[in-house]
Amino acid sequence: MKVSSIVAFILAFVLLISGIYGLNIGPVSLEGRQYEQAKQIGSYICLSCIGLTGSTVSHTLTEDTLNRLKKIDYPVKIWIFTSNDCPTCPDAKAIILNFTLENSNITYEEIRLETQGQFFDAYAVSELPTLIFFNKDGIVLRKDNFIHKVVGIDNLQKKVIEAIEMVS
Amino acid sequence: MGKIKRIRTISQSLSLIIINLGFLGIFFKHLTGPVFNCYACPWASISCPIGLLQNFVMNGQVPTYVLGTMGAVFVFIGSAFCGWVCPFGFLQDAITFVKSLFKKNSKKIKRKPQIKNKSKDLSLITRLIVLLAILVLAIRYVDTIFCKLCPIGTIEATFPYQVANGFSYNIWLGARIAILILLIIMFFIVSRFWCRYLCPIGALAGPSNKISILKLFHSGKNCEGCSICKDVCPLDIEVVEDPNSTRCTRCGDCVDKCPKGNLAFGLDLFGLVTISPFKKKKEKVSEKKLVTPSSEGIPGSNEKQTDSNIIPPEERDILDEFKYREKGTLVERPAYMGFKRGERVYLPYEEVKKIGIRPPKTSLPVLLKQYSEGRLAEDYNAPEAFVEEKLEEKLSETPKSIPKEEVDKKHFEKFRVANRTELHIDHLKYLKELDIPIEIKAIANNNKEVPAVLLAIIDASNQINFEYLNARDQKAEWYYKDSLPSIYFNGKYYSGLLSEDELIYKIKLERYILDNVSLVIDYTRCIGCNNQSCKKVCPIFKNIPILNEGYGIYPLAKIGCSLCGKCLIECDRGGISFIFGEKLVIDSNFSIDMIKKNKELISTIYPETVMLFLEKNKKHSNRALNFTIALSYLSHGKLSYQIIDIVKNQEAVLKKKIGAIPCFWISEKVQISGMVSESSILAFIRKISKWKG
């Protein structure tokens, strides 16, 4: 028991220091120290992870969405906030991509937590995935004086098309 | 609530606030710790180690930071965070507290069965399986699968988001709410169910108890038979055997509740430096050790020895009493009291003085000679100047501070004098020689109902403690009052004839019981007894030393016990029993719980006398004796018993046609012989209730 306690003691501190000083061990080496990564992971809430939004969703647009989308004749820019470890962000991205393919007025930009963290703070985004919308002048869409955010992937198509219509 | 528990509750409450300081805008989410607190909670200020672990693994990293942080805590204090900080543990403690509110007798510690669980402790294995499954699922599906089902996430994150952002439903939500409900139900059934079987942090925290610097120490003193630590432990750990169990959450409830202070926290640095509150090493304790009762502190034992030194028992004679006027004398009954002239009675001298009867002029040897020849001297004069005391006046003078009972007693003492009668000289002799205290109680409507012969018996011996109870008195509630006057000998109702011979025979029977039955205390069961009900119900126990181990045998005659059986019923630990004979015969399976439960049925039976045919120093005989004592007490003394030793009274055995020993005999039709068990006794009780009723 003496030896095992000494070994455990040393191991614990080796792991702790290596985690703090960014000595990443493992098949994938990411930039940044692990405690900074921990802050990122902890700070932004993956909504699907707490059971608030479905894990899978159909990417193909419905007829109703397509019809409404055809009527959009003004430019709309969508920012989609994602992160590496967000499981539903790829789904949200795929749906928005379909929107842009159907109507060239609509463009999107992906804001990644790992590289563009400052935008998360600027627009007070703490849930993933989150979508915000800009008009042609680059003014963000607001609703009741708050930035209108579409959060999660539940009924995403419906929420996005409504927001796009509101941009007008 | 003990001191440690109170501090712990404060610690848990404060921790809950500190790790959820997000409502003040304070976040330190780069920090993590071995606590189960969802970081998706809008207020969570630190990160969840399990969530981080999954994310790092998903990204293909070795989670050195998380493991290092938790490990650094574990090597110092083991799993203390689980008991003192973790909010999910706090929730489980709160549920246990709520559960205790609903239960009756929540003040009493619930006794858990003493049966040792021979199956291996699988709790650590299940926790490890959960941890491994979490990691494997995270790697395989590149998703935080555990977080989707996590119960603390449901409480801390899902519900607040649902409230804030409107209700939405999906299959994961349904699943996680179902899991939470299931777990809460389990928390009501099994305390700390999550920590015990499922907690993935506990999978790492548990083993760390064995190597951490903070350790729980046991003093090494004998704790056999106590197991209060196990009873109060929310995780049912055998604390004495394994103080640093992998299940332990370091809550300290055992330290709090240990009545002997045999448990305490200390420090152990790699086994090299140990700061233990107890310095001695654990001693081996022999299992069965007979403790010979010391006469110290036992009432009467010292006096008896000194008496026997002065006057050897062979030389004592009833006639010796008459040499001392202080002790008593034979007096003639006053003729005006309604007795024949010349009728004599033995009276203590105090009484003689009180009632003012003149002692006979004839010298004692002459008087006795005349008595043995069958003729009495006729030269007694009428009592001189008998001044009747004005009792009523005296009673009215009694100061108010004297309790009513005492006034009643005095009143009784004064008025009973008129009903004296004379006893046979052999009986007088027997009563004078009586060296065992016997308790006699008479319950009557008034003092005149108390039989004169009984009073004469009482006066003839110093050893008889007599008490008169008025039937309407509150004190007399316990006693059987259907046919007054009721006479109780040592707590047993006497249903026979009120004749001199019968009463003396009854005293002889009682004496035989007290001479041959011994009280046995199993000291191992006394360890950790907080109630001390024995001391509350009987003053005798105040003089008996309570030891830490072994058995104490105390002959009833030596300790002045009247074998009422109250202690047997009141001791909730089964530490008190009685044996017939001198040898210690241990009966480990003896229990009177069923009899205790049916006390209402037992209290309804009609007065009955049982003949107990027993053999000395036999386990089953002792068991039958204990059952009978319990029944006798629970029936309010209505079931009186007499013991018959089958070795000495073979004639009686043949006459009553006893087949097997022990035998519980009322009549040829109503008896139990052979194995006397609790159920057979109860069946028997039902039978006599029907039979009579």
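Note: hydrogens, waters and symmetry copies are ignored here, and every other heavy atom, side chains too, is used. Throughout, protein chains are lettered first and strands after them, A, B, ... in sequence-line order, and every chain is numbered starting at 1.
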- request: Could you look at A:Phe9 and say if it's the side chain, the backbone, both or neither that has a heavy atom under 4.5 Å from chain B?
  value: both
Answer yes or no: are there more than 12 heavy-atom neighbours, outside [X] itself, under 6.0 Å from its atom [atom1]?
X	atom1	answer
A:Gln118	CD	yes
A:Phe146	CZ	no
B:Tyr141	OH	no

- request: Any chance you could measure B:Lys210, atom NZ, to A:Ser5, atom OG, to the nearest 0.5 Å?
  value: 12.5 Å
- prompt: Closest approach of B:Phe56 and A:Ala38, non-hydrogen atoms and distance?
  reply: CZ-N, 4.1 Å
- line: A:Ala12 and B:Gly71 have their tightest heavy-atom pair at CB-C, 3.4 Å
task: Take A:Leu15 and B:Tyr65 through the side chain to side chain contact (heavy atoms under 4.5 Å, CB included) test and state the conclusion after the steps.
output: CA-CA 6 Å; A:Leu15 287 172; B:Tyr65 175 66; over 6 Å; no
message: Given heavy-atom pairs under 4.5 angstrom as the criterion, report whether the side chain, backbone, both or neither of B:Leu31 touches chain A.
response: neither
- request: With a 4.5 angstrom heavy-atom cut-off, could you sort out which part of B:Thr69 is near chain A: side chain, backbone, both or neither?
  value: both
- request: Heavy atoms only, distances under 4.5 angstrom: which of B:Thr32, B:Thr144, B:Asn55 has the most pairs with chain A? Name it, please.
  value: B:Asn55
statement: Among B:Phe74, B:Phe28, B:Phe27, B:Phe76, the residue with the most heavy-atom pairs under 4.5 Å to chain A is B:Phe76
